[in-house]
Amino acid sequence: MTMLDLCAKGYTTDGVPVYLWAKGSYIYEIEVRKDTFTDCEVFEGPYEDAVDKFEFRAINGVVVY
């Protein structure tokens with residue numbers, strides 16, 4: 001079982017929630033929770049790159065933990 005840690009949350013320009021999850025060992029997931037489905041992108045890299053990718057998707061109300 002993989003432990004997920006919430007790193008950041010925010011919203012798209014349309015108000016759709018976006019989350020950045022740390023999955024361990026430089027693996028991150030960006031989750032966009034739309035009304036009818038959830039769009040996820042999993043990638044490997046440093047934390048700074050993960051936050052940059054997240055901030056590209058989540059424009060409004062960004063909170064980084």
Side-chain angles (χ1 to χ4, degrees):
M1 185 166 137
T2 302
M3 183 75 160
L4 296 176
D5 291 318
L6 181 61
C7 296
K9 69 176 182 177
Y11 299 90
T12 65
T13 55
D14 297 337
V16 176
V18 181
Y19 300 91
L20 175 62
W21 299 97
K23 298 180 87 172
S25 298
Y26 296 96
I27 299 174
Y28 297 94
E29 178 178 334
I30 296 175
E31 176 184 20
V32 182
R33 291 187 184 172
K34 300 184 179 184
D35 288 337
T36 56
F37 67 95
T38 299
D39 179 29
C40 295
E41 176 186 0
V42 178
F43 56 93
E44 188 173 354
Y47 176 76
E48 294 79 11
D49 290 351
V51 171
D52 287 343
K53 283 186 174 195
F54 169 78
E55 288 178 338
F56 182 76
R57 303 280 301 266
I59 305 297
N60 297 318
V62 173
V63 177
V64 178
Y65 300 101

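In this text, all values refer to a predicted model and were calculated from it rather than measured experimentally. Keep in mind that the numbers below use all heavy atoms, side chains included, and drop hydrogens, waters and symmetry copies.
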Participant: A cation-pi test, strictly: NZ or CZ of Lys53 under 6.0 Å from the centre of the six-membered ring of Phe43 and no more than 45 degrees from its axis. Yes or no?
Facilitator: yes
Participant: side-chain contact (heavy atoms from CB on, under 4.5 Å) for Tyr28 and Val42? Distances and angles first, verdict last.
Facilitator: CA-CA 6 Å; Tyr28 297 94; Val42 178; over 6 Å; no
Participant: Are Ile27 and Val32 connected, step by step, through hydrophobic side chains (Ile, Leu, Val, Met, Phe, Trp, Tyr) whose heavy atoms are closer than 4.5 Å?
Facilitator: no
Participant: Answer with yes or no whether the hydrophobic clustering places Val16 together with Leu20; edges join I, L, V, M, F, W, Y residues whose side-chain heavy atoms lie under 4.5 Å apart.
Facilitator: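 Same cluster.
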Participant: Mind checking the CD1-OG1 spacing from Ile59 to Thr12? Nearest 0.5 Å is all I need.
Facilitator: 8.5 Å
Participant: Could you see if Val18 belongs to whatever hydrophobic cluster contains Val62? Use Ile, Leu, Val, Met, Phe, Trp, Tyr and a side-chain cutoff under 4.5 Å.
Facilitator: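 Same cluster.
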Participant: Where is the tightest heavy-atom contact between Phe54 and Gly10, given as atom of each residue plus distance?
Facilitator: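 Between these two residues, the closest heavy atoms are CZ-N, 3.6 Å.
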Participant: Counting C-beta onward and ignoring hydrogens, is there a side-chain heavy-atom pair between Glu31 and Leu4 closer than 4.5 Å?
Facilitator: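 Result no, sub-4.5 Å side-chain heavy-atom pair not found.
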Participant: Can you tell me how far apart CG (Asp5) and CH2 (Trp21) are? Round to the nearest 0.5 Å.
Facilitator: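 The distance works out to 8.5 Å.
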Participant: Please answer: with hydrophobic residues joined when any side-chain heavy atoms are less than 4.5 Å apart, are Tyr19 and Tyr65 in the same cluster?
Facilitator: yes
Participant: More than 12 non-hydrogen atoms from neighbouring residues, nucleotides or ligands closer than 6.0 Å to OH on Tyr47, yes or no?
Facilitator: yes
Participant: Between Ser25 and Glu44, what is the shortest heavy-atom contact and its length?
Facilitator: O-OE2, 4.4 Å
